[in-house]
Trainee: 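Mind looking over this structure? Questions follow.
Proteins come first, then strands; the chains are lettered A, B, ... in the order of their sequence lines, and each starts at number 1.
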There are 2 protein chains.
Amino acid sequence: MKKDVLAPAAEAFTLTEKLQRGDLLSAACPSRTVLKHITSRWGVLTLMVLEDGQTRRFSELRRLIDGVSERMLAQTLQWLEADGLVNRVAYDVVPPHVEYTLTPLGQQAAQKVRALADWVEVSFPDVQQHWNSKLAS
Amino acid sequence: MKKDVLAPAAEAFTLTEKLQRGDLLSAACPSRTVLKHITSRWGVLTLMVLEDGQTRRFSELRRLIDGVSERMLAQTLQWLEADGLVNRVAYDVVPPHVEYTLTPLGQQAAQKVRALADWVEVSFPDVQQHWNSKLAS
DNA sequence: TTTCATACTTACCTTTCTGTACGTACTTAC
DNA sequence: GTAAGTACGTACAGAAAGGTAAGTATGAAA
């Protein structure tokens, strides 16, 4: 059984690497991992929900994001947390209580995600129309 | 065409369906399919590359998007074409020649995608720094 | 007293994704 | 003459994603 990898192995690269902008078109660029987390099936929806700045509990997120399983939500939140996009605060109480919020970095990402998501929702009728018109051919 | 055959059901559906905005938070909403295509591993990169408005040949895209296999690029382009985001023009010549462009709808989507991709590339150093700082804990 | 809710984790298994390899029909370059 | 490029389609297989079910400690509600 293998453990889920949250972040790639740490290389001892320093200044040069840290300061350089990622290049998504290069297969080897680790920025692809970040894109993967953000654009993952549940990552997009999670960021979308948190984008309004509200603090949400795990169970709240689970209810808001229709269809996520607990397993996947937990995994997605861990990815986003590891990337520094979401903040996790756990209270050590008996019925567990954990709160999630976006970090400043996460807010930025979430805004881009929301813009895309909004576009999809708004433009969906157009896409659907295209689907329908293709059926006739 | 077969539209007539489907008329009763289709007719009752059309208005509601065409005019309604998608709801990505609902598991059953078909707009999730569109999001899936756009945010798919190669979908994002394909839209990114086409975003500059240039017409690209299949092989060009393959070279620009480092790491895609022919199979996946073809599949991705078919999804985007079916959704009305990209335009495919095939010339019936012997060594195949096919050109891809964004449709107006696709341009809109691509702009949102590019904004997100740009953010990822620019903010990647921050994420990386977060990865590194976590290693110490 | 039994049940439920919380925030996960883990094991197990199914579904989906993705890469590799091969075929094609013909032209151009070497 | 031979190899390479073009834009795919298809079959096969391994990898990854994702769902389901079960377990946990405990307080609160029924």
Trainee: Whether the side chain of B:R32 engages the backbone of B:L24 through a donor-acceptor N/O pair (distance < 3.5 Å, no angle test) should be reported.
Mentor: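 Flag set: sc B:R32 to bb B:L24 pair under 3.5 Å.
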Trainee: Under 4.0 Å between a side-chain N or O of B:W79 and OP1 or OP2 of C:dC17?
Mentor: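 B:W79 to C:dC17 OP1/OP2: no side-chain N or O under 4.0 Å.
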Trainee: Using a cut-off of 4.0 Å on non-hydrogen atoms, how would the nucleic acid contact of B:Q78 be classed: base, sugar-phosphate, or nothing?
Mentor: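 Sugar-phosphate, no base atom in range.
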Trainee: Using atom CZ of B:R71 as one end and atom P of C:dG23 as the other, report the distance to the nearest whole Å.
Mentor: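 Rounding to the nearest Å, CZ of B:R71 and P of C:dG23 are 18 Å apart.
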Trainee: Counting heavy atoms from C-beta on, name the nucleotide in C:dG19, C:dA7, D:dC8 closest to the side chain of B:E70.
Mentor: D:dC8
Trainee: Can you tell me how far P of D:dA17 sits from CD of A:Q75, to the nearest Å?
Mentor: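 Between P of D:dA17 and CD of A:Q75: 8 Å.
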Trainee: So what does A:R62 hit on the nucleic acid, given a heavy-atom distance under 4.0 Å: a base, only sugar-phosphate, or nothing?
Mentor: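 The residue A:R62 makes no contact with any strand.
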Trainee: Are B:K36 and C:dC17 close enough that a side-chain N or O sits under 4.0 Å from OP1 or OP2?
Mentor: yes
Trainee: Remember a base hit wins even if backbone is also touched, and classify A:Y100 as base, sugar-phosphate or nothing at under 4.0 Å, heavy atoms.
Mentor: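 Since only primed, P, OP1 and OP2 atoms lie under 4.0 Å of A:Y100, the category is sugar-phosphate.
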Trainee: Does OP1 or OP2 of D:dC8 have a side-chain N or O of B:R88 closer than 4.0 Å?
Mentor: yes
Trainee: Find which nucleotide of DNA chain D each of A:G67 and A:P96 is nearest to by heavy atoms, and output the residue with the more 5' nucleotide.
Mentor: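 On the 5' side of the pair lies A:G67.
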Trainee: Any idea which heavy atoms bring A:H97 and A:V93 closest together, and the distance?
Mentor: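 Reported closest heavy-atom pair: CB-CG2, 3.7 Å.
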Trainee: If you compare all heavy atoms of A:L105 against all heavy atoms of A:D83, which two are closest, and at what distance to 0.1 Å?
Mentor: CD2-O, 4.2 Å
Trainee: Under a 4.0 Å threshold between the charged nitrogen and the carboxylate oxygen, would B:R114 count as salt-bridged to B:D52?
Mentor: no
Trainee: Quick one: B:W42 CH2 to C:dT18 P, roughly how many Å, whole number?
Mentor: 8 Å
Trainee: In whole angstrom, give the distance that lies between atom CG of A:L73 and atom P of D:dA17.
Mentor: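 About 16 Å, once rounded to whole Å.
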Trainee: Under the criterion side chain to side chain contact (heavy atoms under 4.5 Å, CB included), which of A:T46, A:V44, A:L85 is the partner of A:I38?
Mentor: A:L85
Trainee: Give the rounded distance in Å between these two atoms: CE of B:M72 and C1' of C:dT16.
Mentor: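 B:M72 atom CE is separated from C:dT16 atom C1' by 10 Å.
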Trainee: Tell me whether the OP1 or OP2 atom of D:dT6 has a side-chain N or O from B:R63 closer than 4.0 Å.
Mentor: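 So the side chain of B:R63 is within the cut-off, an N or O lying under 4.0 Å from OP1 or OP2 of D:dT6.
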Trainee: Any strand counts, and the cut-off is 3.5 Å on both contacts for Watson-Crick or G-U wobble. Which nucleotide pairs with C:dT15?
Mentor: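 Partner of C:dT15: D:dA16.
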Trainee: So, does B:S59 get its side chain near the phosphate of D:dA7, meaning an N or O under 4.0 Å from OP1 or OP2?
Mentor: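 B:S59 to D:dA7 OP1/OP2: side-chain N or O found under 4.0 Å.
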Trainee: Tell me: CZ of B:R41 to P of D:dA16, nearest whole Å?
Mentor: 10 Å
Trainee: Specify the separation, in whole Å, of atom CG of B:L61 and atom P of D:dC8.
Mentor: 10 Å
Trainee: Does B:R57 make a side-chain N or O approach to OP1 or OP2 of D:dG5 shorter than 4.0 Å?
Mentor: no
Trainee: Between C:dC26 atom P and B:H97 atom NE2, what is the distance in whole Å?
Mentor: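 Taking NE2 of B:H97 and P of C:dC26, I get 19 Å after rounding.
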